[in-house]
Amino acid sequence: MSKNIIVSNRLPLQIVRQKQGYKFIPTSGGLATGMKSFHQHGNSLWIGWPGIEQDLIDTESWVSLKKSLTRDKFIPVPLLKKEMEDFYYGLSNECLWPLFHYFIEFSKFNQSHWESYQKVNQRFADKVLENLQPGDRVWIHDYQLLLCPGMIRQSAPEVTIGFFLHIPFPSFEIFRIFPWRTQLLFGILGADLVGFHTYDYQRHFISSVKRILRLEVNYNIIDYKARKIQVSTFPMGIDYQKFEDAAVEHIRQKKEEHSEMFNLLKEYKTLDKSNKIILSIDRLDYTKGLINRLEAFEQLLINFPQYIKHIHLIMLMVPSRSSVPHYKRLKRETDRTVGRINGKYAVLGWTPILYYYRSMPFEDLIDLYVNADIAMITPVRDGMNLVAKEYVATRVDNDGVLILSEMTGASKEFFDALLVNPFDMEDMVLKLRQAIEMPQEEQKERITRLKKRASRYNINKWSNEFMRTLKETEALNQDETRLRMTSSVVNQLSLQFKRAQQRLLLLDYDGTLVGFHENPEKSIPDGELYTIFDVLCSIERLDIAIISGRNKEFLEKYFGTYPVTLIAEHGYQQRLVHSSWEQKDVLREDWKQHILPVVETFTDNTPGTFIEEKKNSLVWHYRKSDPELAKVRVVELKTLLTSLLPDDLKIMDGDKIVEIVSSRVHKGVAATQLYAHKKYDCTIVIGDDVTDENMFADLPEEVVKIKVGTKQTLANYYFKSHADVRPFLRLLSE
Ligand code: GDG
């Protein structure tokens, strides 16, 4: 039976060393909580680090710890202290984390951290490969494992991989700063489906893929190495029922059953009906906007002193990455700020801020949620923020107010929260006041709508949607209308070719015989290609033609000595074997005079584009320009040209080019004429471009038509990439 393999940096449980032996404790955090139910309910395996440096465990204990982990379908990836320092604290948390959260100046770019990151990602990939069976699906999580999808794909090209990023994906201008950005993007593109919390992160990622890798992207589908990769948005939800049930249970408890914390909060609120509790829960992290929040709270007390003694700010801060210097500094600053505010405003029996720097058990967390009148969740940058959703789920009496930062992923769903810009102090204070004064009726209206959203798009919905889309992407890559040139298809075709009496081979050049280059002048034939041609040309009863958009000078220069037919400029110029060049159609001489200045204006205002002037056509190249700008300009240029061109000229789209050519000449016409020369009983045509589609369309059914790449085509076979063409040609010439 096929299974799902979850891969995350940490397992949802941690091995902790005790005086005698070890124990397992569950870990908190959004990812762990979220994926736990997915792991428990389906047939799945979870691969991750077990939360303790391998140096701290003796071999004997490790054997038994590993055994009990495996029993619960957890596969540990052991990491040494040094690896944790370099891969986890170093590259992941002192470089990627700050950069992806727009804290550029906090990012440390360290070569040895990067090396360790690659090594550890490979370790995770190897663990997946060890446990992989046909039909399994792999779901990889988060920024610590960005290279892992690509590494798995390299060894298991057919496996289905999903990747989800739990933190923001920054804008291109930020992402481009990362010195190893190309490797990271290629790593992620090993996946079939790439998921983000919000559409903004999706859009930033696609923008980086277009600008850095210059890959073809259609809406949310990336074409890479003959695979279609889908990029989509899946806003992560919570286990809503669990939080709601826990809240109901806590509220129903008798006073003596309540925790000390619960009674303390309740007492404060019953003391005076106007007393309010504001709650803030985060990991101690500079992305969470802790200082801004404290300052806004202080400003509220300054501007509206009537709230003194009538509000409490409860701040729960969970220790996190405390060995990283920025976190240590933040801890000191937070302590100082809390101390200063409490020192300034505290009076007998009332301290404005109740500050907890520790992790709390789930039950205590629920006590905080149910007693909070206001949740103040104001990070300066946060991928999603599940605390906001958990607070909403505990509002069983339909009261309470959520103040939420616009910089969280959750703000894209929670329109009914009081949305705030955490950098706008005035706005923060006003929203706090609005929350304190909000009438019951309005609270109810807002909370009801928030609850509806949080309960509908819960954790199950999130994981189901992701898996459903992953399966959909699988199908996207299985185009059954065309046959992939697998080794058995290749062998069968080469047999057919060898048995035939009269054979014709029609070959496109760019993208078929050679790969693309930013500068077309550099895409020239290499030694390997010439060796193939040497052999092909010695085969009897075989006619060969190179049919290209290139001009005759280029084809003559590089293939002039071969006994092959050369067709240049899509059929405009032709040189049959042992003949000289002839022009197939004659255009009026003056057309370029009118059209060239128009195209030139587009070149002037679209940086990175250039014009190639051929004898009978004009080509506007936009491969090097900004992809989004080029997209707009192509539409503009084509619209303008449509109104200008006479009937004997037409616009043709190519790979990152717009070409103005004769409407009477195309590769289809040229290929059909060659095909009619003799009675061929085996004809093979190979091409990658839209211009080659004319050949696929015009040549009769019995011709073997092979497309290079997975784009829409009229061909009946396809190669995944141009790299597969040469081995096939070699096989034909054996
Ligand atoms: C990352 C992204 C994204 C907190 N304190 C305690 C405790 N928690 C639990 C909360 C909540 C989770 O930890 C925190 O999740 P967040 O989403 O708020 O934040 P990150 O840990 O930064 O998570 C974030 C998330 O991944 C998921 O994709 O939303 O943007 O940064 O579930 O309840 N749990 C317990 N005691 C605590 O003291 N038991």
Side-chain angles (χ1 to χ4, degrees), residues 6 8-10 12-14 25-38 92-93 96-98 100-103 139-145 163-170 195-198 200-201 233-240 242-243 246-247 261 279-290 314-321 327 355-370 372 375-394 402 404-405 407-414 454 457-459 462-463 466:
I6 306 165
S8 65
N9 174 51
R10 295 186 72 153
L13 42 82
Q14 183 178 7
I25 58 162
T27 57
S28 52
L31 194 159
T33 332
M35 291 307 292
K36 252 184 226 167
S37 62
F38 181 79
S92 302
N93 288 324
L96 291 175
W97 175 272
F100 280 38
H101 286 87
Y102 295 72
F103 281 79
W139 188 359
I140 302 166
H141 293 262
D142 231 359
Y143 64 104
Q144 303 91 349
L145 299 175
F163 176 81
F164 189 83
L165 187 71
H166 289 261
I167 65 172
F169 195 93
F196 298 97
H197 283 307
T198 75
D200 283 337
Y201 310 154
T233 301
F234 306 90
M236 187 172 178
I238 55 158
D239 188 344
Y240 186 89
K242 179 178 155 192
F243 281 87
M261 164 79 78
L279 176 66
S280 126
I281 299 183
D282 316 83
R283 272 185 310 98
L284 185 101
D285 197 299
Y286 46 81
T287 60
K288 304 288 183 182
L290 304 167
I314 302 186
M315 255 190 135
L316 169 61
M317 275 189 282
V318 184
S320 166
R321 304 165 198 171
Y327 289 76
Y355 174 47
Y356 302 93
Y357 177 62
R358 59 180 159 98
S359 173
M360 283 196 183
F362 177 75
E363 301 302 329
D364 289 358
L365 204 68
I366 297 296
D367 284 345
L368 289 180
Y369 280 144
V370 297
M376 189 182 187
I377 298 171
T378 53
V380 290
R381 196 69 63 173
D382 207 339
M384 172 50 74
N385 196 297
L386 299 179
V387 173
K389 296 190 171 182
E390 292 167 3
Y391 174 70
V392 166
T394 60
L402 173 64
L404 183 63
S405 161
M407 313 297 172
T408 62
S411 71
K412 303 283 181 254
E413 301 168 75
F414 279 5
Y457 208 98
N458 57 28
I459 187 68
W462 173 75
S463 53
F466 188 91

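Start at 1 and go down the list; that is how both ligands and their atoms are numbered. Along the sequence shown, residues carry numbers from 1.
Contacts between Ile238 and ligand 1, counted as non-hydrogen atom pairs separated by less than 4.0 Å, are absent for every part of the residue. Contacts between Trp97 and ligand 1 below 4.0 angstrom, taking non-hydrogen atoms only, involve the side chain exclusively.
For Gly383, a nitrogen or oxygen atom sits less than 3.5 Å from a nitrogen or oxygen atom of ligand 1, counting backbone and side chain alike. Checked against a 3.5 angstrom limit, the closest N/O atoms of His197 and ligand 1 fall inside it.
Summary of contacts: the protein heavy atom closest to atom 9 (C) of ligand 1 is Gly29 N, 4.1 Å. Taking atom 1 (C) of ligand 1 as the reference point, the nearest protein heavy-atom neighbour is His166 O, 4.4 Å. The nearest heavy-atom contact from the protein to atom 38 (O) of ligand 1 is Met360 N, 2.7 Å. Among protein heavy atoms, atom 14 (C) of ligand 1 sits closest to Gly30 N, 4.0 Å. The closest protein non-hydrogen atom to atom 33 (O) of ligand 1 is Glu390 OE1, 2.5 Å. Of the protein's heavy atoms, Asp382 OD1, 2.5 Å lies nearest to atom 30 (O) of ligand 1. Of the protein's heavy atoms, Val318 CG2, 3.1 Å lies nearest to atom 5 (N) of ligand 1. In terms of protein heavy-atom proximity, atom 17 (O) of ligand 1 is closest to Leu386 N, 2.8 Å.
Residues satisfying the ring-ring contact (aromatic ring centres under 6.0 Å, His included) test with Tyr457, not counting sequence neighbours, are none.
A salt bridge does not link Lys36 with Asp239: none of the charged nitrogens is closer than 4.0 Å to a carboxylate oxygen.
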From CA spacing to verdict: side-chain contact (heavy atoms from CB on, under 4.5 Å), Leu365, Leu316: CA-CA 9 Å; Leu365 204 68; Leu316 169 61; 3.7 Å; yes
Is there a ring pair (Phe, Tyr, Trp, His ring centres under 6.0 Å) between Tyr143 and Phe100 once you walk through the steps? CA-CA 9 Å; Tyr143 64 104; Phe100 280 38; 7.5 Å; no
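Nearest to atom 19 (O) of ligand 1 by heavy atom, out of Arg381, Met384, Lys288, Met317, is Lys288.
Neither side chain, Arg381 nor Tyr102, offers a donor N or O lying under 3.5 Å from an acceptor on the other.
Between Tyr391 and Tyr369, the ring planes are tilted. Angles from 30° to 60° get that label. Ring geometry for Tyr201 against His197 counts as perpendicular: the plane angle is over 60°, on a 0 to 90° scale with 30° as the lower cut.
Per-residue contacts place Met236 under 4.0 angstrom from the following atoms of ligand 1 (heavy atoms of the residue considered): 27 (C), 28 (O).
Considering only heavy atoms from C-beta on, Phe164 comes within 4.5 Å of Trp462 through its side chain.
When every heavy atom of Thr198 is checked against every heavy atom of Gly409, the shortest pair comes out as CG2-CA, 3.6 Å.
With hydrogens and angles ignored, the 3.5 Å screen pairs a side-chain donor or acceptor of Asp285 with a backbone N or O of Thr287.
Closer than 4.0 Å to atom 23 (O) of ligand 1 lies none of the heavy atoms of the protein.
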